[in-house]
*Asks:* 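Take this structure, written in structure tokens, and hold onto it; I'll ask about it next.
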Amino acid sequence: MIFLCVCDEGNMTAAAKKLHIAQPSVSQAIGELEKYYNIRLFERLGRKLFITLAGEKLLTYARYIVNLNKEAEAAMREIHHNSTIQIGASVTVGTCMLPGIILAFNTGKPKVKVISLVSNTKIIEEMLLVDQLDIGIIEGKIHSPEIVCVPFMSDELVLVSDTSHPLAKKGTVELSELNNMPFIVREEGSGTRELFESVMASHGINWEVAGVYNNAEAIKHTVAAGLGISVMSRLTVQKEVNRNELAIVEIEGMYFKRQFHIVYHKQKYITPVLNEFIQLCNDIKFGVIQ
Ligand SMILES: O=S([O-])[O-]
């Protein structure tokens with residue numbers, strides 16, 4: 001900058017004035033540059049400065065570097081308003097909440113591109129660890145200490161059956177009635193599956209696998225067809241229950257409570273856009289946005 005300013009102003013005193021520094025500091029800086037390149041950049045004839053051929057050459061590079069720097073600054077500033085955010089959600093969150101969250105987030109941000117992915121908790125965790133996702137909202141447990149988990153909303157799983165199932169007719173069942181029942185379950189790696197298995201095991205209930213599906217829609221159709229029962233998020237089945245296509249069966253003394261979490265790598269750089277997304281999730285959590 002000092003070299004450029006001396007070239008533009010034509011002398012060191014004017015450059016010092018423009019840069020608000022002392023004139024000896026300007027001559028020292030130019031002297032150091034000449035020492036560094038081991039060549040004269042200016043001839044000092046009388047009280048006048050004349051740029052040398054070497055000085056001209058350096059000036060070309062200096063202007064190029066300064067312009068490149070300005071371009072880089074502008075491009076980096078633009079990124080904050082014109083960026084891509086990659087969001088992963090586990091199946092319940094992805095099915096029931098993510099579309100609304102993305103819609104709310106997109107409002108007023110035409111230059112921010114959101115790419116979303118719905119999969120099970122384990123896969124979301126793996127993708128966060130290798131930076132294939134910026135952030136996730138998940139329903140299962142995170143196992144890596146590298147991932148930060150911020151509580152989001154709470155949820156519960158409920159037992160569902162088809163409406164003419166003997167359990168549905170009873171409305172409430174005892175734990176022992178579930179023994180050896182055929183269940184349609186989510187795949188390994190799913191938070192829903194993990195919670196289901198651990199609660200069933202903690203009550204000593206055996207169950208049989210009637211089907212393993214990686215999405216809630218397929219499970220609901222299979223249960224409605226009477227091919228098994230399942231334990232799923234209340235959020236996922238509420239519509240079908242209201243339409244009398246599925247029944248929720250209460251289980252005495254057994255609860256499947258859980259918490260959704262916002263998750264990201266602990267070393268992830270939280271860009272302003274990412275921060276806005278986290279803020280939006282907080283607003284949803286605290287009911288500021290319904
Ligand atoms: O999609 S889940 O249940 O992690």
Side-chain angles (χ1 to χ4, degrees), residues 86-102 114-161 178 181-202 205 207-224 228-241 246 248 251 254-265 277 281 284-285:
Q86 302 186 90
I87 306 168
S90 56
V91 170
T92 304
V93 182
T95 310
C96 305
M97 307 191 67
L98 193 63
I101 294 175
I102 293 177
V114 175
I115 299 175
S116 54
L117 171 131
V118 176
S119 195
N120 67 41
T121 300
K122 184 163 182 268
I123 290 175
I124 303 290
E125 175 175 3
E126 285 167 0
M127 292 182 78
L128 287 169
L129 286 171
V130 293
D131 204 31
Q132 285 175 349
L133 288 172
D134 296 314
I135 194 158
I137 309 177
I138 45 103
E139 56 209 82
K141 276 200 193 121
I142 287 289
H143 297 278
S144 166
E146 301 300 302
I147 304 286
V148 175
C149 299
V150 181
F152 183 41
M153 299 177 72
S154 47
D155 181 41
E156 64 169 338
L157 304 183
V158 288
L159 176 64
V160 286
S161 73
L178 297 181
M181 280 277 179
F183 277 86
I184 312 288
V185 290
R186 288 282 310 282
E187 77 285 10
E188 298 277 353
S190 131
T192 301
R193 169 75 175 261
E194 194 176 5
L195 179 63
F196 167 70
E197 280 188 347
S198 81
V199 173
M200 293 291 269
S202 70
I205 311 285
W207 51 281
E208 282 182 11
V209 180
V212 181
Y213 299 155
N214 68 358
N215 69 86
E217 282 309 301
I219 296 180
K220 286 191 282 188
H221 285 298
T222 311
V223 170
I229 57 176
S230 190
V231 166
M232 314 177 68
S233 167
R234 187 183 283 279
L235 285 174
T236 326
V237 296
Q238 202 55 61
K239 270 191 200 145
E240 287 75 7
V241 170
L246 286 174
I248 291 179
I251 312 166
M254 187 187 255
Y255 307 96
F256 299 89
K257 301 272 186 205
R258 66 180 178 179
Q259 177 95 44
F260 296 150
H261 286 92
I262 299 160
V263 288
Y264 49 89
H265 196 286
F277 182 80
C281 292
I284 292 170
K285 172 166 97 181

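For ligands, and for the atoms within them, numbers begin at 1 and follow the listed sequence.
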*Asks:* Search all heavy atoms of Val223 against all heavy atoms of Val160 and return the closest pair with its distance.
*Replies:* CG1-O, 3.8 Å

*Asks:* Return yes or no for this condition: an N or O of Arg258 is under 3.5 Å from an N or O of ligand 1.
*Replies:* no

*Asks:* Calculate, to the nearest 0.5 Å, the distance between atoms CD1 and CD belonging to Ile138 and Gln259 respectively.
*Replies:*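 Output value for this atom pair is 10.0 Å.
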
*Asks:* Under 4.0 Å from a heavy atom of Thr192: give me the atoms of ligand 1 that qualify, with their elements.
*Replies:*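 Listed by number with element, the hits are 3 (O).
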
*Asks:* Does Lys122 have more than 12 heavy atoms from other residues, nucleotides or ligands lying within 6.0 Å of its NZ?
*Replies:*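 Count not over threshold, so no.
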
*Asks:* Going by the order shown, which atoms of ligand 1 are within less than 4.0 Å of some heavy atom of Glu139?
*Replies:*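 Reading through ligand 1 atom by atom, the close ones are 1 (O), 2 (S), 3 (O), 4 (O).
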
*Asks:* Which pairs count as side chain to side chain donor-acceptor pair (under 3.5 Å) when at least one residue sits in residues 132-141, sequence neighbours excluded?
*Replies:* Ser90-Glu139, Thr92-Glu139, Asp134-Lys268, Glu139-Thr192, Glu139-Arg258

*Asks:* What I want to know is whether Arg186 and ligand 1 share at least one N or O pair that is separated by under 3.5 angstrom.
*Replies:* yes

*Asks:* Got a donor-acceptor contact below 3.5 angstrom from the Glu146 side chain to the Leu129 backbone?
*Replies:* no

*Asks:* Of all the atoms in ligand 1, which lie at a distance below 4.0 Å from a heavy atom belonging to Ser90?
*Replies:* 1 (O), 2 (S), 4 (O)

*Asks:* Closest approach of Lys285 and Phe152, non-hydrogen atoms and distance?
*Replies:*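 Scanning both residues completely, I find the closest heavy atoms to be CD-O, 3.1 Å.
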
*Asks:* Which residue holds the protein heavy atom closest to atom 2 (S) of ligand 1, what is that atom called, and what is the gap in Å?
*Replies:* Gly191 N, 3.3 Å

*Asks:* Can you tell which part of Lys122 has a heavy atom less than 4.0 Å from ligand 1: side chain, backbone, both or neither?
*Replies:* neither

*Asks:* Which of the numbered atoms in ligand 1 are under 4.0 angstrom from any heavy atom belonging to Val91?
*Replies:* 1 (O)

*Asks:* Around atom 4 (O) of ligand 1, find the nearest protein heavy atom and jot down its residue, atom name and distance.
*Replies:*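 In this structure, atom 4 (O) of ligand 1 has Thr121 OG1, 2.5 Å as its nearest protein heavy atom.
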
*Asks:* Has ligand 1 got any nitrogen or oxygen that is less than 3.5 angstrom from a nitrogen or oxygen of Thr92?
*Replies:* no

*Asks:* Should Glu188 and Arg193 count as an ion pair when the cut-off is N to O under 4.0 Å?
*Replies:*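 Judged by the 4.0 Å cut-off on N to carboxylate O distance, Glu188 and Arg193 do form a salt bridge.
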
